[in-house]
Amino acid sequence: MRVSAYFMPLLKENPSEAQIVSHRLMLRAGMIRQVTAGIYSWLPLGLKVLKKVEQIVREEQDHSGALEILMPTIQPADLWRASGRYDDYGKEMLRITDRHERDMLFGPTAEEVVTDIFRNAVKSYKDLPKNLYNIQWKFRDEVRPRFGVMRGREFLMKDAYSFDIDAAAAKRAYNKMFLAYLRTFARMGLKAIPMRADTGPIGGDLSHEFIILADTGESAVYCDKAWLETDVLAAEIDPAGDLEPFFQKWTSLYAATDEMHDPAKCPVPAADLVTARGIEVGHIFYFGTKYSAPMGAVVAGPNGESVPVEMGSYGIGVSRLVGAIIEASHDDKGIVWPEAVAPFRVGLVNLRGGDAKCIAASDALYATLRNAGVETLYDDRDESAGAKFAAMDLVGLPWQLVVGPRGVAAGTVELKNRKTGDREEISAEAALARLTAKH
RNA sequence: CGGGGCGUAGCUCAGCCUGGUAGAGCGCUAGCUUUGGGAGCUAGAAGCCGGAGGUUCGAAUCCUCUCGCCCCGACCA
């Protein structure tokens, strides 16, 4: 993509309303614009990242055996009356009345809708287990939205719902999601640590929060420092196999949120305990028959008896992750995108937008990169060199390929790694070989 | 939901206390000169001073009401 043809309104100064770094950088890099409190439009650059995050989430859900569906944003109040949550949910639920005076709502979550789908379609234990997920916009009318997309009122969430015949099967479903979550966040370059959590208003008896470490995180967390050296992607895991040993392994290391942590009872010696800030990016629950019983989601068991299904729900804040990734990966110049979610892999910079030789060399590199399928943002504007460097650092693409008069004369380009800052003056061929290599 | 702050040009802000023709920097447009880390000069365009009432000869400025946004706390993917 040529910058001259793109829509990427950069801001030189920090907008006054943005206080935390991810919010500032998302606004400055032209990823989002606020429409009203807690509600954002996603501009091309931001949308590209959002879709990459979404796709990784989708791939890992599919890999675990979950099935994608799409449920509506607007739901009828009657379903929530049936589960008993319509009155309980309070003002966080945005309530709407349609033209027929029917009570509707903008869904903050979808347990009721998915349970309704399930109960109407599944009648036998032979059709279990099932796990249905969707990636859809949710709305929670937070009293105080803040931190940009990290805590918006409208947000994109992946929510999955498992249905099983008994508690043992439900635990297997829980384990699948548990491991899928570890893989999902690791693929995005994040260190996400599962922490035993309160089940809160959703209820039930087993729950984990997935928290990534970032200096600007909203809550204090404590964990065994061994967590920082673990590589969850290294383990080859068959999601259809027995996952309990993996679950045991990954939950044996100490990790706790502020409210669950008791220094007096902490089993980890102080020297091995990491105290950090964290951002919650996922939350999984096993809650048994909390919804299936009141909503009549029952199946025939092996002996013909009616059994309410055992359920769990599993959420990932997809739009929040975009902000969280920036919180975890930035420097004083701007964003430092992990390769897997970077909006473009390479930023091609022509330092002399008005110079024929530089234009020819840059155009040729751009064409080669495009033909090789390398996502490239090509800054072809006639701006000063400093302005282009600053813009490219702000946007934070993993690689910068710089074409200037010096290099054109010498037959070289400069390849810069955004994360390390390392620069090399190498031939265009060598640079292309590097950028088109498998990664 | 308690406490606080702020609404003036696209962005960051001054002006308000003490009422008297609406300002700066950046950005934008045009031209010239520049060109390896947010260039310089010249000329321009750009505002219902968040909105509504009021006080006054006169309101960005004083008063009342209202809307919006942000921050701290309690709550949350």
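Convention: sequence-line order gives letters A, B, ...; per-chain numbering from 1.
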Among the candidates [options], find the nucleotide nearest to the side-chain atoms of [X].
{"X": "A/R151", "options": "B/G38, B/C75, B/G37", "result": "B/C75"}
{"X": "A/E142", "options": "B/C1, B/C75, B/A39", "result": "B/C75"}
{"X": "A/R144", "options": "B/G36, B/G73, B/C76", "result": "B/G73"}
{"X": "A/E13", "options": "B/G37, B/A77, B/G25", "result": "B/G25"}
{"X": "A/R146", "options": "B/G38, B/A77, B/C72", "result": "B/C72"}
{"X": "A/Q34", "options": "B/C69, B/A77, B/C75", "result": "B/C69"}
{"X": "A/Q19", "options": "B/G37, B/C71, B/G38", "result": "B/C71"}
{"X": "A/R140", "options": "B/C69, B/C1, B/A77", "result": "B/A77"}

Query - A/N14 or A/M150, whichever maps to the more 5' nucleotide of RNA chain B - result: A/N14
Rounded to the nearest angstrom, tell me the gap between atom [atom1] in [X] and atom [atom2] in [N].
{"X": "A/M93", "N": "B/C75", "atom1": "CE", "atom2": "P", "answer": "21 Å"}
{"X": "A/K91", "N": "B/C76", "atom1": "NZ", "atom2": "P", "answer": "18 Å"}
{"X": "A/R381", "N": "B/G27", "atom1": "CZ", "atom2": "C1'", "answer": "13 Å"}
{"X": "A/L351", "N": "B/G38", "atom1": "CG", "atom2": "P", "answer": "12 Å"}
{"X": "A/N350", "N": "B/U35", "atom1": "CG", "atom2": "P", "answer": "16 Å"}
{"X": "A/K158", "N": "B/A77", "atom1": "NZ", "atom2": "C1'", "answer": "10 Å"}
{"X": "A/F147", "N": "B/A77", "atom1": "CZ", "atom2": "P", "answer": "15 Å"}
{"X": "A/K12", "N": "B/C11", "atom1": "NZ", "atom2": "P", "answer": "16 Å"}

Can you tell me how far [atom1] in [N] sits from the matching atom in [M], rounded to whole Å?
{"N": "B/U61", "M": "B/G20", "atom1": "C1'", "result": "11 Å"}
{"N": "B/G68", "M": "B/A22", "atom1": "P", "result": "30 Å"}
{"N": "B/U35", "M": "B/C49", "atom1": "P", "result": "44 Å"}
{"N": "B/G19", "M": "B/C28", "atom1": "P", "result": "40 Å"}
{"N": "B/A9", "M": "B/G23", "atom1": "C1'", "result": "10 Å"}
{"N": "B/G3", "M": "B/U8", "atom1": "P", "result": "25 Å"}
{"N": "B/G15", "M": "B/A60", "atom1": "C1'", "result": "8 Å"}
{"N": "B/C76", "M": "B/U18", "atom1": "P", "result": "47 Å"}

Answer yes or no: does a side-chain N or O of [X] lie under 4.0 Å from OP1 or OP2 of [N]?
{"X": "A/T36", "N": "B/C69", "value": "yes"}
{"X": "A/R406", "N": "B/U35", "value": "no"}
{"X": "A/S16", "N": "B/U12", "value": "yes"}
{"X": "A/S319", "N": "B/A77", "value": "no"}

**Report entry** A/S219 and A/D258 side chains, donor-acceptor separation under 3.5 Å
**Finding:** no
Report task. Indicate whether the side chain of A/Q136 and that of A/D159 have a donor and an acceptor atom separated by less than 3.5 Å. Result -> no
Mind checking [X] for me? I need base, sugar-phosphate or nothing, with any heavy atom below 4.0 Å counting as a touch.
{"X": "A/G353", "result": "nothing"}
{"X": "A/R33", "result": "nothing"}
{"X": "A/V318", "result": "nothing"}
{"X": "A/G317", "result": "base"}
{"X": "A/G407", "result": "base"}
{"X": "A/P15", "result": "sugar-phosphate"}
{"X": "A/R153", "result": "nothing"}

Need the pair for [N]. Rule: Watson-Crick or G-U wobble, both distances under 3.5 Å, any strand; none if unpaired.
{"N": "B/C65", "value": "B/G51"}
{"N": "B/A39", "value": "B/U33"}
{"N": "B/G2", "value": "B/C72"}
{"N": "B/A59", "value": "none"}
{"N": "B/G44", "value": "B/C28"}

**Report entry** A/F147 six-ring centre to A/R320 NZ/CZ under 6.0 Å and within 45° of normal
**Finding:** no
Query - Any N/O donor-acceptor pair, A/E383 side-chain to B/G38 base, under 3.5 Å - result: no
Requested in this report: Assert yes or no for the condition that the ring centre distance of A/Y161 to A/Y291 is strictly below 6.0 Å.
Outcome: no
Query raised in the report: Can you name the closest pair of heavy atoms from A/G288 and A/E310 and give their distance?
Result: CA-OE1, 3.3 Å
Query - Partners meeting side chain to side chain donor-acceptor pair (under 3.5 Å) with A/D382 (sequence neighbours left out) - result: none
Query raised in the report: If we require ring centres under 5.5 Å and near-parallel planes under 30°, does A/F155 stack on B/A77?
Result: yes
Query raised in the report: Does A/K12 use its side chain to pair, donor to acceptor, with the backbone of A/L10 at less than 3.5 Å?
Result: no
Query raised in the report: What is the ring orientation for A/F285 with A/H283, classed by angle as parallel under 30°, tilted 30 to 60°, or perpendicular over 60°?
Result: parallel
Query raised in the report: In terms of ring plane angle, is the pair A/F178 and A/H208 parallel, tilted or perpendicular, where the classes change at 30° and 60°?
Result: perpendicular
